[in-house]
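First comes the structure, then the notes that go with it.
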Protein chains: 2
Amino acid sequence: MADRVEPGGPDENEVLADDELTDAELRAADGRVPGRRGRATRQRLLACTADMLGTTSFRELRVVDIAREAGTSPATFYQYFPDVEAAILVLAEEVAQEAAGLADLVRGPSWKGRQGWAASTAVADGFMDFWERHRAVMRVVELAAGEGDQRFHRLRTRMLNPLATAFTEVVDGFRKEGRQPADLDPMAVAGVLVSMLAHVAAHRYGFEFWGIRSEDTTRTMARIIFTTVTGQKPPADV
Amino acid sequence: MADRVEPGGPDENEVLADDELTDAELRAADGRVPGRRGRATRQRLLACTADMLGTTSFRELRVVDIAREAGTSPATFYQYFPDVEAAILVLAEEVAQEAAGLADLVRGPSWKGRQGWAASTAVADGFMDFWERHRAVMRVVELAAGEGDQRFHRLRTRMLNPLATAFTEVVDGFRKEGRQPADLDPMAVAGVLVSMLAHVAAHRYGFEFWGIRSEDTTRTMARIIFTTVTGQKPPADV
DNA sequence: CGGCGTTCCTGACGGAGCGTCAGCTAGGTG
DNA sequence: CACCTAGCTGACGCTCCGTCAGGAACGCCG
């Protein structure tokens, strides 16, 4: 509408080209670089978004509600985030940092004999625990990715791929040793195992609703992981 | 707003109590029992909904678009369905009929020896095939159930429970024969297996994107199913 | 074939959120 | 104290939702 006059200010494209990582996440809608107060408001909005995600379903999360909860107005929200998803994406980014550590549960320990069983339970428990601690955010990641939102789809991939890659490597090791059939595709194995973990973790309460104890679910998954990765039966006393 | 006058017409509650199965699905919004033309319109709306589900993402499916596609108006749509989900629910109901047959893949055949391997592949293949043929509808069922929509959640349960129950029975059989540990919870096993199948089927194209062949995915799942159900290693030549 | 009752359809409307401005407020600085 | 600019918001236009009153089409009967 109004012709944009930018007296002396840097060209927008320059700003976009310049600020790569540090400011990209923090830059406000109009290109300003926020100061102390602005960042505090942004953090408050993020915190309220996280809070409300715990109680409200993702789809019912309205910008107007988040803003009111944070003691500000909807227009302010849009200064810091293009939409609600973008705010959640920031929260999810922090979760993604932690998710990278899941791969260590697979890559770190030895998978030979009883140590393999320990690793299997560690992966199953660790994954379930991880998902539980970030339940609200992970639910949104799953839903949004499922709906075709590319931002969340990419994030989901970044979260789970390290784990899948780690599985692939371990399985490939066993395959090269002849413990697994030569025609087994380690990536397929990895993908199926990660799928199992993700879906079971996401539906944990569904399992409990049917009277299945979490302990049994986790142990069942540990057995499957052990057998599928190593090609051996799990130890008899588990 | 306007005081409701119902001159001589039957009380709404009576109607609701009376029409149980036959008319419940067909009754229009205002309580009328539709005639030939009405049902044709309803069918047209359903067909267009199914068509557009194939191309448009569930969340972008607008009542106004479906109505226009069907050559009618949004208000007409609301005569036959309270919302878009309700229309999809009708489509999903048909899918649910077919889903009941999945349990036969588990319950029917013997699980002893090589026959067990045949059963495992049949389940993995059959499930993937089922999901593929109803991809569009199943995607909505998963999403809507995940978002907390009770209608879809119940439908999802009705779809997958027979399969889980069948798994439970077979596993329990092996457990009683001493082929499986006594402390294994057959329901946990069944739940995990169904979760694996559902999630892998839903993310099939994700697998293919990473260069994993569907054949390898399915075979991997068949191995897991065989081992997890029977407690044995799969035959060497697969 | 004309009148009548019922089924069927739709234009038009109020309402809820969204996302965007122009313009105001207030904290910081010289 | 005056000024600047980061920060905030009231108010608006838009899109889509779901509803309702009332018109159109159909079928039946005399």
Side-chain angles (χ1 to χ4, degrees), chain A residues 1-10 12 15 23 26-46 48-49 52 56-88, chain B residues 1-10 12 15 23 26-46 48-49 52 56-88:
Chain A
M1 298 287 176
D3 41 343
R4 284 157 155 281
V5 186
E6 287 249 28
E12 284 176 328
V15 172
D23 293 343
L26 291 172
R27 200 191 315 105
D30 50 7
R32 280 187 298 100
V33 175
R36 231 179 345 105
R37 188 154 71 115
R39 268 173 301 181
T41 304
R42 202 187 102 108
Q43 276 308 120
R44 227 168 52 237
L45 286 167
L46 274 179
C48 289
T49 305
M52 302 190 71
T56 318
S57 155
F58 163 48
R59 277 291 150 204
E60 269 116 54
L61 209 53
R62 307 259 167 259
V63 169
V64 63
D65 297 323
I66 298 174
R68 196 186 317 139
E69 186 78 9
T72 182
S73 74
T76 299
F77 182 94
Y78 286 109
Q79 281 231 330
Y80 298 101
F81 309 102
D83 51 32
V84 180
E85 279 93 338
I88 302 177
Chain B
M1 297 286 174
D3 40 345
R4 285 156 155 283
V5 185
E6 287 249 31
E12 284 175 326
V15 171
D23 293 343
L26 291 172
R27 200 192 315 106
D30 50 5
R32 282 185 297 99
V33 176
R36 237 184 333 108
R37 187 155 70 117
R39 268 174 301 182
T41 304
R42 200 186 103 108
Q43 276 309 119
R44 227 169 52 238
L45 286 167
L46 275 179
C48 290
T49 304
M52 302 190 70
T56 319
S57 155
F58 162 48
R59 277 291 150 202
E60 268 116 54
L61 208 53
R62 306 257 166 263
V63 169
V64 63
D65 296 324
I66 299 174
R68 195 186 317 142
E69 185 78 10
T72 182
S73 75
T76 299
F77 182 94
Y78 286 108
Q79 282 232 329
Y80 298 101
F81 309 101
D83 50 32
V84 180
E85 279 93 338
I88 302 178

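Predicted, not measured: the structure shown is a model, and the values here were computed from it. All chains are named by letter (A, B, ...) in the order of the sequence lines, taking the proteins before the strands, and each is independently numbered beginning at 1. Computation of the quantities below employed the complete heavy-atom set of this structure, encompassing side-chain atoms and omitting hydrogens, waters and symmetry-equivalent molecules.
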Heavy-atom closest contact ([X] atom, [Y] atom, distance):
X: A:Gly71; Y: A:Arg44; value: O-NH2, 4.4 Å
X: B:Ile66; Y: B:Leu45; value: CG2-O, 3.9 Å
X: A:Ala67; Y: A:Pro74; value: CB-N, 3.5 Å

Value in whole Å for how far the [atom2] atom of [N] lies from [atom1] of [X]:
X: B:Leu45; N: C:dT10; atom1: CG; atom2: C1'; result: 13 Å
X: A:Leu61; N: C:dG17; atom1: CG; atom2: C1'; result: 13 Å
X: B:Phe81; N: D:dC17; atom1: CZ; atom2: P; result: 16 Å
X: B:Gln43; N: C:dC8; atom1: CD; atom2: P; result: 14 Å
X: B:Phe77; N: D:dT19; atom1: CZ; atom2: P; result: 12 Å
X: B:Gln79; N: D:dT19; atom1: CD; atom2: P; result: 11 Å
X: A:Arg44; N: D:dG7; atom1: CZ; atom2: P; result: 12 Å
X: A:Arg59; N: C:dC18; atom1: CZ; atom2: C1'; result: 14 Å

Would you give the length of the straight line joining atom [atom1] of [X] to atom [atom2] of [Y], rounded to the nearest 0.5 angstrom?
X: B:Phe58; Y: B:Met52; atom1: CZ; atom2: CE; answer: 14.0 Å
X: B:Thr76; Y: B:Gln79; atom1: OG1; atom2: CD; answer: 6.5 Å
X: A:Ile88; Y: A:Leu46; atom1: CD1; atom2: CG; answer: 10.5 Å

With the side chain defined as heavy atoms from C-beta on, A:Asp83 is closest, among C:dC9, D:dT9, C:dG19, to C:dG19
Side-chain contact check for A:Thr72: nearest option of D:dG7, C:dC8, D:dT9 is D:dT9
Side-chain N,O (A:Tyr78) to OP1/OP2 (C:dG19) below 4.0 Å: yes
Using atom names, set out every protein N or O paired with an N or O of nucleotides 25-27 of chain D below 3.5 Å, distance rounded to 0.1 Å.
| residue | atom | partner | partner atom | Å |
| --- | --- | --- | --- | --- |
| D:dG27 | OP1 | B:Arg36 | NH2 | 3.0 |

Check whether any side-chain heavy atom of A:Phe81 sits under 4.5 Å from a side-chain heavy atom of A:Thr49, and report yes or no. no
Given protein heavy atoms under 4.0 Å, the one-letter contact record of nucleotides 10-15 of chain D, with B base, S sugar-phosphate only and - none, is simply B-----
